[in-house]
Amino acid sequence: MRTSNFLLATQKETPADAEVISHQLMLRAGLIRKLASGLYTWLPLGLRVLRRVETIVREEMDRSGAQEVSMPVVQPAELWQESGRWEQYGPELLRIQDRHQRDFCLGPTHEEVITDLVRNEVKSYKQLPINLYQIQTKVRDEIRPRFGIMRSREFLMKDAYSFHIDQASLEETYELMHRTYSNIFTRLGLEFRPVIADTGSIGGSGSHEFHVLANSGEDAIAFSDSSDYAANIEMAEALAPSGERPAPAAELAEVATPGVKSIEELANFLGVNPASTVKTLVVAADNDSGLVALVLRGDHQLNAIKAEKLEGIASPLQMADEETVRRACGAGFGSLGPVGIAIPVIVDRAAAHLADFTCGANREETHLTGANWDRDCPLPRVEDLREVIEGDPSPDGTGRLQIKRGIEVGHIFQLGTKYSEAMEARVLDENGKNITVTMGCYGIGVSRIVAAAIEQNHDDRGIIWPASMAPFELAILPLNMQKSEAVASCAEDLYQRLQEAGLDVLMDDRNERPGVKFADMELIGIPHRIVIGDRALAEGNIEYKGRRDDDSRLVPMGDIVEFLREQLRP
RNA sequence: CGGGGCGUAGCGCAGUCUGGUAGCGCACCACACUGGGGGUGUGGUGGUCGUAGGUUCAAAUCCUGCCGUCCCGACCA
């Protein structure tokens, strides 16, 4: 391809409404253009990248034995009513009517359609397991689209659905997909982690998210510094401290703490470490009117997801309001504590391990010091309530936890029978008995990968594409070719020969000054470039530079094709 | 849905307070110079100032409604 024939839509200035670096660079490099909020046109350069990602995903899915299908974006309401999601899904489901006023939606996902297909086509256990996938545009009417292509209303997704006669078969395919995803992200050249995820409202027994590590990621993930363990931070278990709880050493004492509300104020006021205090939060119980007190170490944060999963606690988690608390406990938010409290208490593992701690006295503006479990109040029910923090021991027993941010680019689920049950997808087993099929689903955000790759691979000059997804492998920059016959003929000759050698080449034959060409090719992130200029050419040399290299090097004209072949296809 | 910001040329912005002929930089076109890191000069193209209404002799500017868009939050996956 020649730049003179290519829509190279680069921009010098950063668009004002782009917040994250990938969004800025995608606009500046001319990969995408916004049509409306959350809706983007892919320009030729961007589409090349998208297609390369898609190709790798397709190849690896095919290799796993999955079969590609293509389902409609427009889906009839009846299917969604059958699964119950027409009501459940909410306004994110973009609904439309056709000319006969029949209800349809634009598919945010395709469980209903695929389940309908399989219940009609698959009748026998002999046809299972089967794994069907597509790479297709999804529509979600996001409340707030943001970060460009990262969270848009229309996006390209690979979604696969597997069907099984039993759980064992599902788990087999689930493991296969786990490996396939790892292969895909490895081939794409991205730094990623499979993390244990919350199964959320979908339920089911197993779920992993695949995250590309990047500072701008929307999710926090915790992983061990010396094993494979990684989990969404909501899911990471906080282990109980090891060893015995220290014996009480201090006397229980009451202190007046006027105006002290937060743990920070308490620690300053009494000159104690927040880690030797406890905080007490009050939430709604799972019966109508009850309350439950949750006790955590002062320096720890409550993990709402863990809490609401516990028996006895309302889900979703509901914090009690201060008036209710005051009536039930005798004091407001800043002065609560486990000693003598009138409502059921659940204590976090770490807080349960404290001795001589400081806590609220359940009397306004009063705290207790030197409090101890079993002596001053019974040790209540102990559970894992807190958010893990960096340095905590890894739940798998190996190493310590680090916390980084990640961008979710893949998600695999063991769905179970949620959809097959509702939509009556059954097959006959070997005994001629009807069995409801068990399902798995496996998604990859293809367009989001493009943004995630940029978040992870860029510098102040622009994008640095991993070789696997670059729009072109090599840029040829002939300098002053409109004036120099030697440069022009050498460039044309090399352009021919490199194409014949099977390389995907972009030749910048525009009548632009060198600085413009350098800047553009760096901005759009072509991994390799050669410069053809009178200076080096006089010595019979071509200049080569990798996008990440600091300096260029000279390669004799006669060796250049072979040299490039080695550089690009090691 | 709540709070906040912004809508003036393709992009980035000034002008709005204090009403009086629509402006700058980049980009684009032409020509000349220049030719190894977004170069220089000259001349040009391009805007019903988001939209509807109101006030006024006169509105980008003042008033009201609406729309769009971005950020924060809530919500959701």
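Note that this is a predicted model, so its numbers are computed, not measured. First the proteins, then the strands, lettered A, B, ... as listed; each starts at 1. The analysis underlying the following values was restricted to heavy atoms, covering all of them including side chains, and did not include hydrogens, waters or symmetry mates.
Rounded to whole Å, the C1' atom of rA52(B) lies 28 Å from the corresponding atom of rC11(B). rG23(B) and rU51(B) have their C1' atoms separated by 23 Å, with the value rounded to a whole Å. Annotation: rA60(B) and rA14(B) have their C1' atoms spaced 12 Å apart (nearest Å). rU8(B) and rG25(B) are spaced 15 Å apart, taking the C1' atom of each and rounding to whole Å. Taking the P atoms as reference points, rC29(B) lies 22 Å from rG35(B), given to the whole Å. To the nearest whole angstrom, the two C1' atoms, one in rU48(B) and one in rC33(B), are 40 Å apart. On the C1' atoms, rG44(B) is 15 Å away from rA9(B), given to the nearest whole Å. Taking the C1' atoms as reference points, rA59(B) lies 10 Å from rU16(B), given to the whole Å.
A straight line from CZ of Arg151(A) to C1' of rU69(B) spans 19 Å, rounded to a whole angstrom. Summarising the geometry, the separation between NZ on Lys138(A) and P on rA77(B) is reported as 17 Å, rounded to the nearest angstrom. In this entry the distance linking CZ of Arg146(A) with P of rC76(B) reads 14 Å, nearest Å. Between Asp141(A) atom CG and rC75(B) atom C1' the separation is 13 Å, expressed in whole Å. Atom CZ in Arg510(A) sits roughly 10 Å away from atom C1' in rG38(B) (whole-Å rounding). Atom CG in Asn511(A) sits roughly 13 Å away from atom P in rC33(B) (whole-Å rounding). One interatomic measurement links the two molecules: CZ of Arg85(A) to C1' of rC76(B), which rounds to 13 Å at whole-angstrom precision. When the C1' atom of rC70(B) is taken as reference, atom CG of Leu27(A) falls 13 Å away, rounded to whole Å.
Applying the 3.5 Å distance criterion, the base of rG36(B) shares no donor-acceptor pair with the side chain of Asn480(A).
By the salt bridge (charged side-chain N to carboxylate O under 4.0 Å, His left out) test, Glu323(A) pairs with Arg326(A), sequence neighbours left out. For Gln134(A), the side chain to side chain contact (heavy atoms under 4.5 Å, CB included) partners are Val69(A), Met71(A), His110(A), Gln136(A), Lys138(A), Asp159(A), not counting sequence neighbours. For Glu68(A), the salt bridge (charged side-chain N to carboxylate O under 4.0 Å, His left out) partners two or more places apart in sequence, or in a different chain, are Arg58(A). Residues satisfying the salt bridge (charged side-chain N to carboxylate O under 4.0 Å, His left out) test with Asp549(A), not counting sequence neighbours, are none. Listed by chain and number, the residues in a side chain to side chain contact (heavy atoms under 4.5 Å, CB included) with Asn215(A) amount to none (sequence neighbours excluded). When the ring-ring contact (aromatic ring centres under 6.0 Å, His included) test is applied to Trp465(A), no partner is found at least two apart in sequence or on another chain.
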**OP:** Could you encode protein contacts along nucleotides 1-15 of chain B as a string, one character per nucleotide from 5' to 3', using B for base contact, S for sugar-phosphate-only contact and - for no contact, with a heavy-atom cut-off of under 4.0 Å?
**Re:** B---------BSS--

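Within residues 68-79 of chain A, no residue has any heavy atom under 4.0 Å from RNA chain B. Heavy-atom distances under 4.0 Å link RNA chain B to Lys34(A), Ser37(A) of residues 29-44 of chain A, given in residue order.
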Mind listing the side-chain donor-acceptor pairs of residues 473-483 of chain A below 3.5 Å, one per line with the distance, residues two or more places apart or on another chain?
| residue | atom | partner | partner atom | Å |
| --- | --- | --- | --- | --- |
| Glu473(A) | OE1 | Asp504(A) | N | 2.8 |
| Glu473(A) | OE1 | Arg569(A) | NH2 | 2.8 |
| Glu473(A) | OE2 | Arg569(A) | NE | 3.1 |
| Glu473(A) | OE2 | Arg569(A) | NH2 | 2.9 |
| Gln482(A) | NE2 | Asp509(A) | O | 3.2 |

Under 3.5 Å donor-acceptor pairs involving side-chain atoms of residues 21-29 of chain A, not counting sequence neighbours:
| residue | atom | partner | partner atom | Å |
| --- | --- | --- | --- | --- |
| Ser22(A) | OG | Glu455(A) | OE2 | 2.7 |
| His23(A) | ND1 | Gly148(A) | N | 3.4 |
| His23(A) | NE2 | Tyr40(A) | OH | 3.3 |
| Gln24(A) | NE2 | Ala18(A) | O | 3.1 |
| Gln24(A) | NE2 | Glu19(A) | O | 3.3 |
| Arg28(A) | NH1 | Gln11(A) | O | 3.2 |
| Arg28(A) | NH1 | Lys12(A) | O | 3.1 |

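For rG43(B), the paired nucleotide is rC29(B), the pair qualifying as Watson-Crick or G-U wobble because both relevant distances are below 3.5 Å. Shown here, rG12(B) forms a base pair with rC24(B); the pair counts as Watson-Crick or G-U wobble because both key distances fall under 3.5 Å. For rU69(B), the paired base is rG5(B) (Watson-Crick or G-U wobble, both distances below 3.5 Å). Across all strands shown, rG53(B) forms a Watson-Crick or G-U wobble pair, both distances under 3.5 Å, with rC63(B).
Mapped onto RNA chain B by nearest heavy atom, Pro514(A) and Pro145(A) fall at different nucleotides, with Pro514(A) at the one closer to the 5' end. For the pair Ala519(A) and Glu408(A), both in contact range of RNA chain B, the more 5′-proximal nearest nucleotide belongs to Ala519(A).
With hydrogens and angles ignored, the 3.5 Å screen pairs no side-chain donor or acceptor of Thr417(A) with any backbone N or O of Ser420(A).
Rounded to the nearest 0.5 angstrom, Lys306(A) NZ and Leu294(A) CG are separated by 13.0 Å.
The cationic group of Arg553(A) does not satisfy the cation-pi geometry with Tyr544(A), failing either the under 6.0 Å distance to the six-membered ring centre or the 45° limit from the ring axis. The cationic atom of Arg95(A) (NZ for Lys, CZ for Arg) lies less than 6.0 Å from the six-membered ring centre of Trp86(A) and within 45° of the ring axis.
Annotation: ring pair (Phe, Tyr, Trp, His ring centres under 6.0 Å) contacts involving residues 472-492 of chain A, sequence neighbours excluded, comprise Phe6(A)-Phe472(A).
Here the side chain of Glu543(A) is nearest to one of rA77(B), rG37(B), rG36(B), namely rG36(B). For Arg140(A), taking side-chain heavy atoms from C-beta onward, the closest of the listed nucleotides rG37(B), rG38(B), rA77(B) is rA77(B). Taking the side chain of Glu19(A) as heavy atoms from C-beta on, and the options rC71(B), rG36(B), rA77(B), the nearest nucleotide is rC71(B). Side-chain proximity of Lys12(A) to rA77(B), rG39(B), rG36(B): nearest is rG39(B).
Here Gly533(A) lies in heavy-atom contact (under 4.0 Å) with a base. Using a 4.0 Å heavy-atom distance criterion, Arg529(A) is classed as a base contact. Within the 4.0 angstrom heavy-atom criterion, base atoms lie near Glu522(A).
Here the side chains of Asp141(A) and Arg153(A) are in contact, with some heavy-atom distance below 4.5 Å.
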